[in-house]
Amino acid sequence: QETATPAPGGATPPAAQKKLSVGFSQVGAESAWRTAETKSIRGEAEKRGVDLKFADAQGKQASQIQALTSFIAQKVDVIVLAPVVETGWEVVLTQAKEAKIPVILVDRGIKVSDESLYTTLIASDFVEEGRMAAEWLAKQTNGKANIYELQGSTGAAPAIDRKKGFEEALQKFPDMKIVKSQSADFTRAKGKEVMEAFIKSDRDQIQAVYAHNDDMALGAIQALDEAGMNPGKTVTLISIDGVKGAFEAMVAGKLNATVECNPLLGPLVFDTINKVRAGESVPKFIKSQDQLFEQANAAQVISTREY
Amino acid sequence: MSTEPLLAAKGVEKRFPGVHALAGVNFEVRAGEVHALMGQNGAGKSTLIKILTGVYARDGGTITFEGRDFRPTSPGDAQRQGISTTYQELSLIPTLTVAENLCLGRAPRRWYGIDWRAMRRKAEETLATFDLRIDVTQPLGTLSAAVQQLVAIARAVQTEARVIILDEPTSSLDSHETELLLGIIGRLKARGLGIVFVTHFLDQVYRVSDRITVLRNGTFVGTYEASQLSRLELVSQMLGKVPEELEPALHEHPEHRGTPVITAQGLERRGFEAFDLTIHEGEVLGFAGLLGSGRTEAARLLFGADHARSGTVNGSVPKSPRQAIAQGMAFLPEDRKAEGIFPDLSVRENIAIVVQRKLGFTVSRAQQDALAQEFVTKLGIKTPHIEQPIRLLSGGNQQKVILARWLAYEPRLFILDEPTRGIDVGAKGEIERLIHQLSQKGLSVLFISAALEEVLRLSHRIAVFRDRKKVRELTRTTLPEVMEVIAGEEPPHAP
Amino acid sequence: MSFLRKHITVLAGLLAYLVLYAIAAARYDGFLSLPVFINFLSNNAVLGIVAVGMTFVILSGGIDLSVGAVMSFSSVLIGVLIMDHQWNVFAAVGASLVCGTTLGAVMGAIIHKTGIKPFIVTLAGMFFVRGLAFIIHLESIAIAAPQHTSIAIMRVGPLPVTAVLFLTFVAVAWYVAVLTPFGRNVYALGGGEEAAMLMGLPVQRTRIAVYAVSGFCASFAGAALTFYLSSGSHLEGVGMELDAIATVVIGGTLLAGGVGSVFGTLVGVLMLGLILTSITTYEGMMSSGLTRVAIGALLLSFVMLQKLLTRRIAGAGRAT
Amino acid sequence: MRHRNFWPLVALAALLVFNLIFTTGFARVEFRDGRLFGTLVDIFQNGAPVMLLAVGMTLVIALGGIDLSVGSVMALSGAVAALLMTEHGQSVPMGVLAALGVALIVGAINGALVSYASVQPIIVTLVTLVMGRGLAQALTQDQKIRFEIPAFEFIGNGTVLGLPFPVLLVAAVAVAVSVLLRRTATGLYIEAMGGNPQAARLCGLRVHVIRMLAFMACALCAGLAGLIAAADIKEADVANAGLYLELDAILAVVLGGTSLTGGRANLVGSLIGATFIQTLTIMLQMRGVITEHTLIIKAIVALTVCFMQTPSFERMVRRLRPAEGA
Ligand SMILES: Nc1ncnc2c1ncn2[C@@H]1O[C@H](COP(=O)(O)OP(=O)(O)OP(=O)(O)O)[C@@H](O)[C@H]1O
Ligand SMILES: Nc1ncnc2c1ncn2[C@@H]1O[C@H](COP(=O)(O)OP(=O)(O)OP(=O)(O)O)[C@@H](O)[C@H]1O
Ligand SMILES: [Mg+2]
Ligand SMILES: [Mg+2]
């Protein structure tokens with residue numbers, strides 16, 4: 001059996017002499033955002049002397065289900081799950097429920113018929129993020145803009161929800177329209193490539209760019225720069241996530257705003273675990289603090305950015 | 001024998017890019033007749049057969065089978081209608097067992113599916129008629145070319161067909177198996193089947209055939225009663241000219257010994273007894289033996305193609321063909337398709353591949369072109385141009401290309417495993433002459449052939465193999481003597 | 001030829017599997033238990049069913065890259081039919097099987113009729129089917145229908161329904177491969193296409209059937225997926241074609257075709273499952289990168305061990 | 001006989017003509033800030049990594065092998081270069097050389113396992129596909145590495161005489177490989193081995209060495225592609241660099257007419273294939289086609305182009321021609 005680093009004397013969980021054991025099933029390490037999340041949860045576990053069993057699913061749901069099954073077999077106290085997709089969790093979560101192991105979802109919700117299968121969800125609201133982005137953009141452009149959208153991976157929940165929220169909010173602004181919308185797979189390279197294609201076909205009409213994550217926006221900025229188009233000035237860019245690179249771009253005046261989607265969930269997760277184990281009731285959806293940053297306040301926050 | 005044709009083709013046309021393979025060919029076979037189809041390499045024999053059996057679609061002409069118009073859509077279709085064929089290039093599945101190759105498509109069945117035990121029994125029985133007693137559950141690909149050929153023949157003759165077509169069935173068989181096959185052909189003929197027989201061995205043609213059709217360059221020359229066509233006439237019809245006289249026994253001085261070129265000592269591998277061998281400059285050494293006696297195996301050991309358990313060649317352990325080639329050896333394998341040709345490469349590249357080592361790292365097209373052109377002319381290789389992929393050449397011409405590949409390299413010892421396999425009379429004579437010339441110039445040749453007369457005619461010395469063991473070396477010998485040694489019917493001797 | 005010699009790669013694979021399983025059992029608590037093993041069967045059932053179909057394709061000398069997409073498509077289709085159109089579960093599964101089989105057959109027909117290489121046809125098929133799946137439903141879809149759930153939680157003895165399906169597929173496929181003329185024709189086709197044609201075997205029919213079988217298996221795997229996950233998922237199929245090919249090939253089937261067996265595929269599937277599970281969940285490595293390195297290293301050591309054992313046993317076999 | 005690149009070229013030309021007429025902005029090429037600028041340039045610039053992969057892949061496929069690990073090698077080489085230049089303060093040439101060195105090592109491992117251990121290429125390179133990216137992730141601790149090193153960025157973004165540097169790099173590599181294929185013995189040997197490995201051994205070719213060479217050349221191309229990809233976005237993105245590009249590369253090679261069974265290399269065809277794929281991608285992006293449809297269009301177009309190279313298409317054309325005349 002694997003054991004984590006020995007517990008430092010510090011904060012002990014209220015419930016037991018025995019070390020708290022937590023199983024954490026992570027999706028993988030496909031983005032900086034996710035690595036930051038993993039780091040935050042691992043760091044917090046170490047700090048609090050929790051025995052954290054970590055399973056990297058390499059992006060496969062089957063692996064996550066196996067990980068959960070083995071956590072249940074190993075009788076962990078709590079399961080933390082960052083689900084790779086929203087569906088398909090009924091069976092394994094029922095097992096967890098039967099074994100009386102509370103399940104805490106992080107960063108994305110799931111669709112199950114029985115809400116009691118998980119204890120709580122700690123995450124940002126993707127739809128809300130999209131909405132915030134749209135409203136800010138409308139304000140910034142006085143409700144009138146040709147928008148080019150860089151979508152995340154086709155079929156991925158954040159991509160779908162961020163698009164949905166954004167479009168919903170745009171309803172109120174008849175002069176704001178999405179001219180083109182293409183998937184750029186959440187990556188910088190693709191973001192640049194797709195932006196280049198947009199520039200070549202619609203160069204002078206591009207007034208605003210909305211990217212589902214910062215990486216794609218950074219790629220787009222590069223494309224705009226190379227085309228001599230002045231990102232941040234003639235073209236307004238807004239993206240989501242709030243990674244360090246985005247703040248640097250804002251300080252440089254190239255990115256206009258980013259909606260933070262905070263991956264540093266560690267403290268919140270373990271606080272919640274403690275509450276659950278102490279028998280306190282917790283809300284079904286704990287929204288992590290999402291905040292919109294603009295160029296104006298970017299410089300102050302940039303030093304505090306960890307990822 | 002009836003005179004009504006069973007299968008008749010009239011004015012058949014076939015064009016390939018750059019080649020008019022068949023131009024108005026007529027051919028027919030009657031019930032109870034053996035009809036030989038003759039012609040030089042590339043004359044169009046195999047192409048005609050492939051058209052008769054639905055492999056290729058014809059570009060013109062008519063074919064009737066039992067009086068009705070006949071347009072087979074695939075070999076399977078032709079088979080179902082009663083025409084059973086062995087093709088020139090072995091058409092069996094090397095990865096499947098012998099038994100399955102015999103029974104594929106008509107395996108014995110029971111309620112639960114294929115009856116493997118019955119299949120095995122059936123296969124053993126079928127092969128027994130060819131005096132072949134082998135483990136039928138081994139993959140076919142592990143067996144020698146000759147055995148594979150027998151299996152293919154057995155497959156063709158065991159079906160309920162009315163016409164049986166055999167395209168060069170005897171090319172790698174030795175006399176015993178050939179005898180058996182000719183016997184079987186006789187029995188089939190007596191049962192009233194029509195048999196089409198392609199071979200380059202004139203003896204066999206005259207032994208069994210009733211009529212002979214000759215093709216030349218894709219054109220129809222004529223159909224003759226075998227009894228009314230002399231050998232000389234036949235050959236001149238095929239070549240389109242009166243052939244030069246074949247030299248008789250080439251070697252008047254069998255004791256001829258130059259300095260040793262290759263000396264092998266104690267070469268051995270699992271199940272193959274250690275043997276010594278010395279080949280001298282300018283000498284032709286023949287290997288004789290029955291099917292499976294180990295001639296090919298011995299040659300491969302010498303060449304480093306198979307791993308020897310112990311023993312040396314010219315003082316060093318043979319490690320790889322590369323090393324052997326560096327020592328001046330060349331090797332023409334018996335299985336052309338599996339080990340000889342590079343199917344997609346052009347004739348030029350197939351010829352240049354070995355000698356390129358000598359020509360240097362950078363390729364000069366002009367040099368390769370000249371080389372290829374030279375050998376195409378010298379060996380009479382029939383190809384539209386030297387850039388033709390070799391797989392599109394006829395079997396015999398492929399063989400000549402491989403010969404050219406090694407001749408270009410100018411080796412000191414040329415190991416020829418069945419070099420005349422599938423080669424027409426004219427070319428066979430040329431190859432024999434070539435071997436003779438080479439040996440005169442000081443090149444040594446190791447010559448393996450299923451045709452004993454050929455071995456005898458060419459060799460200064462003959463090594464006889466039996467049961468994967470070298471049993472004797474003979475000089476100044478005669479056919480009966482060699483046959484006795486091969487059969488193992490003479491008392492043991494001191495080497 | 002002895003049984004040993006004939007089935008040497010599969011036996012060596014099995015042996016190597018046992019060795020690695022033993023090592024894992026010694027290393028992790030509770031690894032050596034029936035429930036854990038059954039978990040292996042059910043967790044890898046979807047991949048396994050796909051791989052069974054892939055075995056036929058590879059045996060015939062072809063390749064099918066569309067399986068992952070077809071599997072996803074079929075699971076999403078079942079989800080849509082059940083959830084959005086209130087179909088009966090069996091009708092939905094039936095419809096997806098018809099679609100999958102047809103897609104496979106069409107690809108087979110294109111391969112045979114046009115002579116385009118299977119790699120390309122099925123790669124195009126993969127793109128096509130994936131696009132189709134997104135069109136019928138953009139997101140993965142949760143399936144919550146009582147009838148469907150009751151099947152999903154069904155067990156036969158200790159075995160969950162997916163594991164039963166997998167084992168059934170292996171058994172049936174073994175029967176088809178070894179005891180039916182179709183199965184033997186597949187081997188012949190892989191051993192030499194031209195020869196098979198010249199021998200008069202039904203090459204066209206066999207080839208189209210092989211891809212239809214693969215499509216059938218893939219869509220059936222999609223159905224199994226819906227029972228396993230209670231959802232139709234776009235994600236699970238991504239990259240599955242490579243996993244399926246890998247399991248078939250490490251099971252001893254030659255990529256060139258003609259040689260191999262369905263049991264080898266079973267061993268291959270179990271092996272891949274063992275490697276992934278032990279590394280990603282039991283070992284609990286802290287770095288995603290090292291996890292991958294370990295997976296690769298284990299896979300390689302399995303293949304090498306299998307080679308070594310094959311050589312050993314083959315040597316021993318010849319001596320006796 | 002038509003030239004073997006005839007139909008791939010026709011397909012590419014048709015696609016280009018379609019775009020020049022119907023896709024707005026496609027035809028525009030300007031000269032700005034000392035560089036050419038326009039979609040036609042983008043096709044080559046963005047397509048450079050896939051073109052490089054296709055060039056290397058052509059060698060391996062002609063040899064009768066396949067290399068699935070190229071995408072991972074890209075990630076690895078980008079990561080190594082970025083790490084050395086940022087965290088270890090090495091110079092740009094050092095970073096580049098080390099990255100290419102690592103790529104060569106992966107290629108050598110591939111070749112050695114295929115050749116000396118006779119494991120099937122697809123398995124070997126699948127293992128290196130998994131391990132290569134894993135190693136890159138482990139080296140970078142799952143982080144993206146950003147950098148601002150103009151000298152290095154030149155590899156992805158620089159221009160020489162107005163032409164993008166990656167394009168020149170591809171051209172140089174392609175010329176080198178085509179000389180290797182057509183003007184040296186090694187090229188002949190590679191094709192021979194793909195056609196009939198047994199015969200190649202009997203002809204005294206150093207089969208192991210040649211296999212190693214081909215796999216190493218392929219990995220080297222992948223390493224270069226990885227450098228371009230990283231330099232282009234000023235970031236080594238281990239998780240995404242080169243992801244699934246092996247399939248694009250193989251597709252390009254096959255679209256170009258090289259048979260997957262080996263035996264013949266068609267380098268120009270592979271380049272045409274890669275250009276075709278990139279043109280199609282950019283066209284779909286410019287026209288704002290949604291992903292679902294993109295997938296389906298790609299499928300149909302790829303099939304059509306391959307169909308154009310088959311004998312059955314040739315027969316169809318021949319049958320149609322008299323009809324046209326009438
Ligand atoms: N598929 C093909 N494509 C192009 N040319 C071909 C093809 N098949 C045969 N040919 C050519 O047609 C001619 C006749 O070949 P065929 O194989 O029928 O000769 P053959 O009489 O059987 O000769 P051999 O005695 O050498 O077997 C040859 O010139 C050959 O190169
Ligand atoms: N690698 C091998 N391992 C075991 N037995 C072998 C091997 N290679 C050949 N044999 C067997 O050795 C015997 C000798 O085969 P070989 O091919 O050398 O015979 P041959 O004299 O050339 O006859 P032919 O070519 O006419 O069949 C055959 O029975 C063959 O099955
Ligand atoms: Mg012939
Ligand atoms: Mg022999």
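In what follows, every chain begins at residue 1, and chains take the letters A, B, ... in the order their sequences are listed.
Residues of residues 195-211 of chain C placed with any heavy atom under 4.5 Å of a heavy atom in chain B are listed by number as C/Ala195, C/Ala196, C/Met197, C/Leu198, C/Met199, C/Gly200, C/Leu201. For a heavy-atom cut-off of 4.5 Å, chain C lies close to B/Gly76, B/Gln79, B/Arg80 in residues 76-86 of chain B. Taking 4.5 Å as the heavy-atom cut-off, the residues of residues 176-188 of chain C that approach chain B are C/Val178, C/Leu179, C/Thr180, C/Pro181, C/Arg184, C/Tyr187, C/Ala188, ordered by number.
Neither the backbone nor the side chain of B/Arg110 comes within contact range of chain C, judged by heavy atoms closer than 4.5 Å. For B/Arg109, the part lying under 4.5 angstrom from a heavy atom of chain C is the side chain only.
Annotation: B/Arg120, atom CZ; neighbour count of heavy atoms from other residues, nucleotides and ligands within 6.0 Å does not exceed 12. Within 6.0 Å of CD in C/Glu194 there are 12 or fewer heavy atoms belonging to other residues, nucleotides or ligands. Atom NZ of C/Lys307 has more than 12 neighbouring heavy atoms from other residues, nucleotides or ligands inside a 6.0 Å radius.
The two residues C/Gly191 and B/Pro94 come nearest to each other via the heavy atoms O-CD, 3.8 Å.
When each of B/Gly54, B/Gly113, B/Ser91 is scored by its heavy-atom pairs under 4.5 Å with chain C, the top score falls to B/Ser91. When each of B/Ile93, B/Val136, B/Thr95 is checked for heavy-atom pairs under 4.5 Å with chain C, B/Ile93 comes out on top. Ranked by heavy-atom pairs under 4.5 Å with chain C, the list B/Leu104, B/Val55, B/Asp115 is led by B/Leu104.
Residues meeting the salt bridge (Lys or Arg N to Asp or Glu O under 4.0 Å) test with B/Glu168, sequence neighbours left out: none.
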